[in-house]
Student: 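Okay, handing you the structure first.
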Amino acid sequence: IISVFIAVIFFGLGYITSKSHKQLCPQTTNEQKGDFQAGWDAAKQRLSEVGYFEPFLGETQEIKTINGQIETIKDNIINLKIRLLEPLSDPELDSRVIEVDENTKIYKSISKDHDKLRQELEEYRKALEKYVTQKEQPNEKGPVSPESFIKQEADLSDIAEGQQITVIAEQDIKDSKQFKASEIIIQSEIIEESEN
C-alpha cells in the first residue's frame, strides 16, 4: 500500500511537471492525452532513477502469463480485467482482449482430494529428507513438491463472465492489448473438506 501511495505521489509530480512545461513551451505539447502520457513517463523515469519498483520497471522482462477476471465473453473473444503487472503500467492495458481459437487449450483447475494431497505431501517430505541426507551427485535434482490442484480438460462453453482465469500466450504480451491465448486455465473454487 505504501509503495502504491509513493507511486501515486510521483505520478502527480510528473503530471505537474508536464503541465508546467506546457505553460512554458506550449508549442511542444499537443492535447490533454499527451500531457497525461508525459506525466506518466516522467513518473516512471523518476521512480526508476530513485530505485523504486526496479523489478517492475525492467523494460526487457517478458510477460507470457496473466491472471484476471472475465468482464465479457462473446463468441471467441474474452475481455479480461487483469491483475496489474506493475504499479505504473499503462491504464489502457488494465483490460485485455483475449482471442480463442481451435488451437487454444482450455482446462479447469480442480482442487485435489484432501486425503490424497496429504498423502502426496507426506511422500514428498520423506523423499526430501532422503535427498538431503543421501544426495550423492551435487547437481542432482531433488523431489518436486506436489501440486494442490489438477488440470482437467474443458472447452470454451465452460468459460463464463465473472470467472477468474489464467491466460498463457506464446509471445511476450506485456504491452499487447489484444492477443491469442495458447492456453487458458479456469480457476475453480477450492472444494471444502467434508465433515466426518
Side-chain angles (χ1 to χ4, degrees), residues 1-4 53-56 58 61-87 89 93-174 176-196:
I1 294 175
I2 293 174
S3 298
V4 173
F53 305 122
E54 287 184 355
F56 301 103
Q61 183 182 5
E62 285 193 350
I63 302 292
K64 295 185 177 182
T65 302
I66 57 173
N67 300 290
Q69 183 175 31
I70 297 174
E71 295 181 305
T72 60
I73 178 169
K74 184 176 181 182
D75 298 328
N76 64 332
I77 298 295
I78 298 172
N79 287 290
L80 187 70
K81 180 75 172 178
I82 71 163
R83 296 179 191 151
L84 293 182
L85 300 176
E86 58 182 53
S89 58
L93 296 175
D94 289 356
S95 293
R96 305 294 180 100
V97 179
I98 314 299
E99 302 171 14
V100 181
D101 65 16
E102 65 277 4
N103 296 317
T104 303
K105 297 177 181 177
I106 303 175
Y107 302 96
K108 286 182 181 179
S109 175
I110 307 295
S111 58
K112 283 183 180 176
D113 174 76
H114 291 281
D115 291 333
K116 179 176 177 57
L117 181 58
R118 284 194 196 100
Q119 181 182 353
E120 290 179 356
L121 286 170
E122 180 61 21
E123 291 172 357
Y124 168 73
R125 184 188 63 78
K126 291 178 180 177
L128 187 60
E129 286 180 358
K130 183 178 179 181
Y131 170 76
V132 171
T133 58
Q134 301 178 7
K135 183 172 69 170
E136 297 178 358
Q137 300 177 5
N139 296 325
E140 181 184 355
K141 292 185 178 179
V144 178
S145 176
E147 297 282 355
S148 60
F149 62 90
I150 56 175
K151 284 171 32 175
Q152 183 181 83
E153 288 191 12
D155 54 44
L156 188 58
S157 63
D158 294 311
I159 299 177
E161 292 180 10
Q163 287 177 329
Q164 295 285 337
I165 62 173
T166 297
V167 180
I168 302 170
E170 294 180 350
Q171 75 279 10
D172 182 12
I173 55 174
K174 182 177 181 181
S176 301
K177 178 69 176 179
Q178 183 167 345
F179 60 89
K180 187 177 80 68
S182 60
E183 184 174 323
I184 294 175
I185 303 172
I186 305 166
Q187 303 298 332
S188 301
E189 295 182 6
I190 297 174
I191 299 172
E192 296 294 334
E193 186 172 10
S194 58
E195 298 180 1
N196 294 327

Student: Determine all donor-acceptor pairs shorter than 3.5 Å in which one atom belongs to a side chain in residues 76-83; sequence neighbours excluded.
Tutor:
{"unit_1": "Asn76", "atom_1": "ND2", "unit_2": "Val100", "atom_2": "O", "d": "3.0"}
{"unit_1": "Asn79", "atom_1": "ND2", "unit_2": "Thr72", "atom_2": "OG1", "d": "2.7"}

Student: Kindly indicate whether the side chain of Ile186, heavy atoms from C-beta on, has any atom under 4.5 Å from the side chain of Ile106.
Tutor: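 Of all side-chain heavy-atom pairs linking Ile106 with Ile186, at least one is under 4.5 Å.
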Student: Return yes if some donor-acceptor pair links the side-chain N/O of Asp101 with the main-chain N/O of Thr104 below 3.5 Å, else return no.
Tutor: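 A pair under 3.5 Å: yes.
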Student: Is the closest side-chain heavy-atom distance between Leu156 and Ile73 below 4.5 Å?
Tutor: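 Yes - at least one pair of side-chain heavy atoms lies under 4.5 Å apart.
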Student: Less than 4.0 angstrom from a charged side-chain N to a carboxylate O is my criterion; do Lys126 and Glu129 meet it?
Tutor: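 Looking at Lys126 and Glu129, the cut-off is not met.
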Student: Report the C-alpha separation of Thr166 and Ile184 in whole Å, then their side-chain angles, then the decisive distance to 0.1 Å, and conclude whether the side-chain contact (heavy atoms from CB on, under 4.5 Å) test is met.
Tutor: CA-CA 6 Å; Thr166 297; Ile184 294 175; over 6 Å; no
Student: What's the verdict on side-chain contact (heavy atoms from CB on, under 4.5 Å) for Ile70 and Ile159, showing C-alpha distance, side-chain angles and the deciding distance?
Tutor: CA-CA 9 Å; Ile70 297 174; Ile159 299 177; 3.1 Å; yes
Student: Are a donor atom and an acceptor atom from the side chains of Gln69 and Gln163 found within less than 3.5 Å of each other?
Tutor: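 Their side chains do not contain a donor-acceptor pair, so the 3.5 Å distance test is not met.
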Student: Could you report the tightest heavy-atom contact between Ile185 and Ser109, atom names first, then the distance?
Tutor: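 Nearest heavy atoms, Ile185 then Ser109: CG2-CB, 3.9 Å.
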Student: Distance check, rounded to the nearest 0.5 Å: Phe149 atom CZ versus Lys112 atom NZ?
Tutor: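 Reported to 0.5 Å precision, the distance equals 9.0 Å.
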Student: Roughly how far, to the nearest 0.5 Å, is the CD atom of Gln164 from the CD atom of Gln187?
Tutor: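 The distance works out to 8.0 Å.
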Student: Do Glu120 and Lys116 sit within salt-bridge range, that is, some charged N less than 4.0 Å from a carboxylate O?
Tutor: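 Between Lys116 and Glu120 there is a salt bridge, with a charged N closer than 4.0 Å to a carboxylate O.
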Student: Check whether any side-chain N or O of Arg96 sits under 3.5 Å from a backbone N or O of Phe179 as a donor-acceptor pair, and report yes or no.
Tutor: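 Here the side-chain-to-backbone pair does not exist.
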Student: Measuring from Lys174:NZ to Ile66:CD1, what's the distance to the nearest 0.5 Å?
Tutor: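 Here the interatomic distance stands at 13.5 Å.
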Student: Looking at Asp172 and Lys64, does any basic side-chain N land under 4.0 Å from a carboxylate oxygen?
Tutor: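 Result for this pair is no, no salt bridge flagged.
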Student: More than 12 heavy atoms of other residues, nucleotides or ligands under 6.0 Å from CD of Glu170: is that the case?
Tutor: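 Not more than 12 within 6.0 Å, no.
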Student: Which residue pairs satisfy the salt bridge (Lys or Arg N to Asp or Glu O under 4.0 Å) criterion with at least one member in residues 143-158, sequence neighbours excluded?
Tutor: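 Pairs touching residues 143-158 that pass the test: Lys108-Asp158, Lys151-Glu183.
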Student: Among residues at least two apart in sequence or on other chains, which ones pass side-chain contact (heavy atoms from CB on, under 4.5 Å) with Leu121?
Tutor: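 Once residues adjacent in sequence are excluded, the partners of Leu121 under the side-chain contact (heavy atoms from CB on, under 4.5 Å) criterion are Leu117, Pro146.
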